[in-house]
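To keep things clear, I will list the structure first and then write my remarks on it.
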Amino acid sequence: MTTQLCADADEAVAGIEDGSTVLVGGFGMAGMPVALIDALIRQGAKDLTVVSNNAGNGDTGLAALLAEGRVRKVICSFPRQRDSYVFDGLYRADRIELEVVPQGSLAERMRAAGAGIGAFYCPTGAGTLLAEGKETRVIDGRPHVLEYPIRGDVALIGAHRADRMGNLVYRKTARNFGPVMATAATTVVAQVREIVETGAIDPETVVTPSIYVDRVVQEGTA
Amino acid sequence: MTTQLCADADEAVAGIEDGSTVLVGGFGMAGMPVALIDALIRQGAKDLTVVSNNAGNGDTGLAALLAEGRVRKVICSFPRQRDSYVFDGLYRADRIELEVVPQGSLAERMRAAGAGIGAFYCPTGAGTLLAEGKETRVIDGRPHVLEYPIRGDVALIGAHRADRMGNLVYRKTARNFGPVMATAATTVVAQVREIVETGAIDPETVVTPSIYVDRVVQEGTA
Amino acid sequence: MNTDRSTAQEVPAPQDTPGPQDVRGPLGQDDIAALVARDIPHGSFVNLGIGRPTSVADHLPAGSGVVLHTENGMLNMGPAARGDAVDPDLTNAGKIPVTELPGSAYFHHADSFAMMRGGHLDVCVLGAFQVSAAGDLANWHTGAPDAIPAVGGAMDLAIGAKKVFVMMTLFTRTGAPKLVPRCTYPLTGQGCADRVYTDHAVFDVTPEGVVVRETFGTSVDELAGRLDLPLLPLGG
Amino acid sequence: MNTDRSTAQEVPAPQDTPGPQDVRGPLGQDDIAALVARDIPHGSFVNLGIGRPTSVADHLPAGSGVVLHTENGMLNMGPAARGDAVDPDLTNAGKIPVTELPGSAYFHHADSFAMMRGGHLDVCVLGAFQVSAAGDLANWHTGAPDAIPAVGGAMDLAIGAKKVFVMMTLFTRTGAPKLVPRCTYPLTGQGCADRVYTDHAVFDVTPEGVVVRETFGTSVDELAGRLDLPLLPLGG
């Protein structure tokens, strides 16, 4: 349905419900939807499951959401970083649940959700701790782990530019998880640096077509 | 390894062995690597398995390869067309094997081959003739069919432009199967309309990165 | 016409004798297409099957905001190309040259079918040989022993869209119903058809049974006498 | 340094006492990186793990034709960015600002890991806690009960590349071998390591056993006395 151009980040995150699974884009600060996370903190939804590559840095962004006790579970590939002390503290206090997923399987499981794939056999992680309890199968002589889709109720992503229809382009390695998360959530919210007229993005270069994007907000309109 | 810029289409298809599985790009004429198919006809490899969306039209291209009796099996989504009389004749004479695959499963099975996915559960075709003999599983209340990768020994694809390093861009709906096939074959050969200097293609717009491309030949250098 | 998917070319021409109860007799194909177009919500992302379903585009009003998908890798496809606008690199799934509209996007086949299979299209419109009371769809194979099987994207479309609308005549040339208790032709997809637009009536396939939404030159009772399955009135 | 994957920060500093038999004593980390760089074929597509493996890039000669992949979505990554070239949108997998070279390409995470998992990279270079005689690799988890598990892309890299090169010191700070009969740390991948570059020797993991390719300031016999696994001489 038609992409909604939001007046500010608060409008963009309106309606996110308690208990939602929220996919949060970015790899480090590149592609991180900071304005949307800040708006989600103000918005108040709690008991969230957050799916993101990391589990927050320092005291801002995801870390601030975690610090407010709003996140029940984190699904990520790398929670432990030099400045992930907010997550570390919650984890050691047994106040947050953690599912560690190899980075590629994290991306592929969201891709499967977006692509209507029911499950897939993946060689990554076979024979390791992270495959414990998972179904396995040897295919072509190689062990594989059966992985299921990760779906979001909401995806919050950062992109570079949108047209008014909702087509997105990214910039350099800030592309990372955004295009995959945009396919995997019921409601997809993108913060962008600029919004251009429909037709101003070359159709050959669109990375996330408008069909995947529900709401767009320009950064700085917070 | 470094992409080879070939002097002509014959050099580009050199070494294709009898019994090879050849992925052939294109949807209708859009993206069809006509010069490479013609060169493959001259090259002489036989007992081929051809994977392509269709099974040849009229008397040229794929149809000519079929007419020469060089193809043992076709894996495609839609062999029967108004002018597919070459294939039709071979099929009715029991001189060619046919595996019909839903178009999306055809693309996804090649994507799985390129992406290192061992197999995947797909809802398409569940409960139909095309799922007969295949393993099935109900996931989230919905029947799925277990689909395995389709790998090529060679892929012959048409693209719009290459840089000298082998990065490819396509044009409009001629993109179709090219990018997927490029990930799924051991040796990937692309015919392009022009070859530009490395650096002349915006890195944001590359569709098939050079890592997937083994040989490039410019059309008209036949 | 190259037909990768639909069976529209095998749908007989509409009957044009007026029905007994309504001067608005059985509809022509164009009227059916107009009905489908009427029911597509504003701003929907839609795939129109090859053949007759393609004509639904002609009935979408200006400003409908409908974005057309073609499974060979494009969103926001424009009308058929004519004259100098014909570009061999730009076709629809029927391999007919088309145009692009502002805001279009291109993508490869795996991404295009991921979009379909993943349930991102709001509506898909398909032709059919048969639809069953359970919403099973048969539109790819006559089951004839000498037929060369060819499925194209039919099965992907059947299971992928949020809503699958079927357009067909209600009866074959020989008068056999095409809305049936169980399909006798090989299936394209199980339980996938949501609504069936025909020359005599529009039907909803629901868990309770087949509901008649509207009739054209006939009545629910009369239809019930010609079809071998129970029919429910709308709102009944 | 943000470490999403490797364990290089836990690798002790190299011993710099010369070995008993060779003036070329145990190698420093820089020498190990140079050895790895020497063995990367011209034109290879390579992923260098975070931490020490990153330094291999400094030893690739001009004209090596090596194309660097970073799993956060780029091919043909250039050197670290300095000064005005720093762009927050352009980092490597260690989140260090980098540059692009002519002919680079960007792609999203699912495509990037498809490239890795699909076996398209020629070489990947990783750090390790332990490597076993069977090529099992342990580099993500100490197994300590209070450790917060974090794997990043380690498992994907371990199973994806055509050749996996490991760079590590051969012994821990306390002198325990890191090339072991069986890993005691939790595995990153099974049977995935092809070659192990250490300060004392370079080893090939083969179906027949661990082969010593070259030694630095030591001998095969002396190594055999310090390691708890059989060693085969090169060409033996």
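This one's a predicted model, so the numbers in the text were calculated from it and none came from an experiment. Note that these values count all heavy atoms, side chains included, but never hydrogens, waters or copies made by symmetry. The sequence lines fix the lettering, A, B, ..., with proteins before strands; numbering per chain opens at 1.
Rounding to the nearest 0.5 angstrom, the gap separating the CG atom in C:Leu90 from the OG1 atom in B:Thr173 is 5.0 Å. Atom-to-atom distance recorded for B:Asn176:CG and C:His108:NE2 is 11.0 Å, nearest 0.5 angstrom. With rounding to the nearest 0.5 angstrom, the CD atom of C:Glu100 is 3.5 Å from the NZ atom of B:Lys172. If you take CD on B:Gln103 and CG on C:Asp156, they are separated by 7.0 Å, rounding to the nearest 0.5 Å. Taken from CD1 in C:Ile148 to CZ in B:Phe78, the straight-line distance is 10.5 Å, to the nearest 0.5 Å. A distance of 15.5 Å separates OH in B:Tyr170 from CZ in C:Phe107, rounded to the nearest 0.5 Å.
Side-chain contact, C:Lys95 with B:Asn57: no donor N or O sits under 3.5 Å from an acceptor N or O.
Using a 4.5 Å cut-off between heavy atoms, B:Cys76 does not touch chain C at all. At a 4.5 Å heavy-atom cutoff, B:Ser84 makes no contact with chain C through either its backbone or its side chain. In this structure, chain B has a heavy atom under 4.5 Å from the side chain of C:Asp87, while its backbone stays farther away. Neither the backbone nor the side chain of C:Ser112 comes within contact range of chain B; no heavy atom of the residue lies under 4.5 Å from a heavy atom of that chain. For C:Pro149, the parts lying under 4.5 angstrom from a heavy atom of chain B are both the backbone and the side chain. Residue B:Phe87 touches chain C through its side chain alone, counting heavy-atom pairs closer than 4.5 Å. For B:Arg111, the part lying near chain C is the side chain, with the backbone staying farther off; criterion is any non-hydrogen pair under 4.5 Å.
Chain B forms more heavy-atom pairs under 4.5 Å with one residue of C:Ala110, C:Ala114, C:Ala158 than with any other, namely C:Ala110. Contact count versus chain C (heavy atoms, under 4.5 Å) is highest, among B:Ala30, B:Gly127, B:Gly158, for B:Gly127.
Counting non-hydrogen atoms of neighbouring residues, nucleotides and ligands closer than 6.0 angstrom, the CG atom of C:Asp146 exceeds 12 such neighbours. Surrounding CG of C:Asp228 are at most 12 heavy atoms belonging to other residues, nucleotides or ligands under 6.0 Å away.
For the pair C:Trp140/B:Leu129, a side-chain contact is recorded, criterion being any heavy-atom separation below 4.5 Å from C-beta on.
Contacts with chain C (heavy atom to heavy atom, under 4.5 Å) involve these residues of residues 134-148 of chain B, listed by number: B:Arg142, B:Pro143. Of all residues in residues 91-102 of chain B, those placing a non-hydrogen atom less than 4.5 angstrom from a non-hydrogen atom of chain C are B:Tyr91, B:Arg92, B:Leu98, B:Val100, B:Val101, B:Pro102.
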Problem set entry | Stepwise side-chain contact (heavy atoms from CB on, under 4.5 Å) check, C:Val151 with B:Leu130 | CA-CA 9 Å; C:Val151 68; B:Leu130 297 188; 3.8 Å; yes
For this session: Kindly indicate, with the supporting measurements, whether the criterion ring pair (Phe, Tyr, Trp, His ring centres under 6.0 Å) is fulfilled by C:His109 and B:Phe27.
Result: CA-CA 10 Å; C:His109 247 82; B:Phe27 184 86; 5.5 Å; yes
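In plain terms, the two heavy atoms of C:Ile159 and B:Pro123 that are nearest each other are CD1-CG, 3.8 Å.
Between C:Asp111 and B:Arg175 no salt bridge is recorded (no basic side-chain N to carboxylate O distance below 4.0 Å).
With sequence neighbours excluded, no residue forms a side chain to side chain donor-acceptor pair (under 3.5 Å) with C:Asp194. Applying the side chain to side chain donor-acceptor pair (under 3.5 Å) criterion to B:Ser52, with sequence neighbours excluded, gives no partner residue.
A donor-acceptor pair is defined here as one N or O able to donate and one able to accept, closer than 3.5 Å; such a pair exists between the side chain of C:Arg117 and the backbone of B:Gly104.
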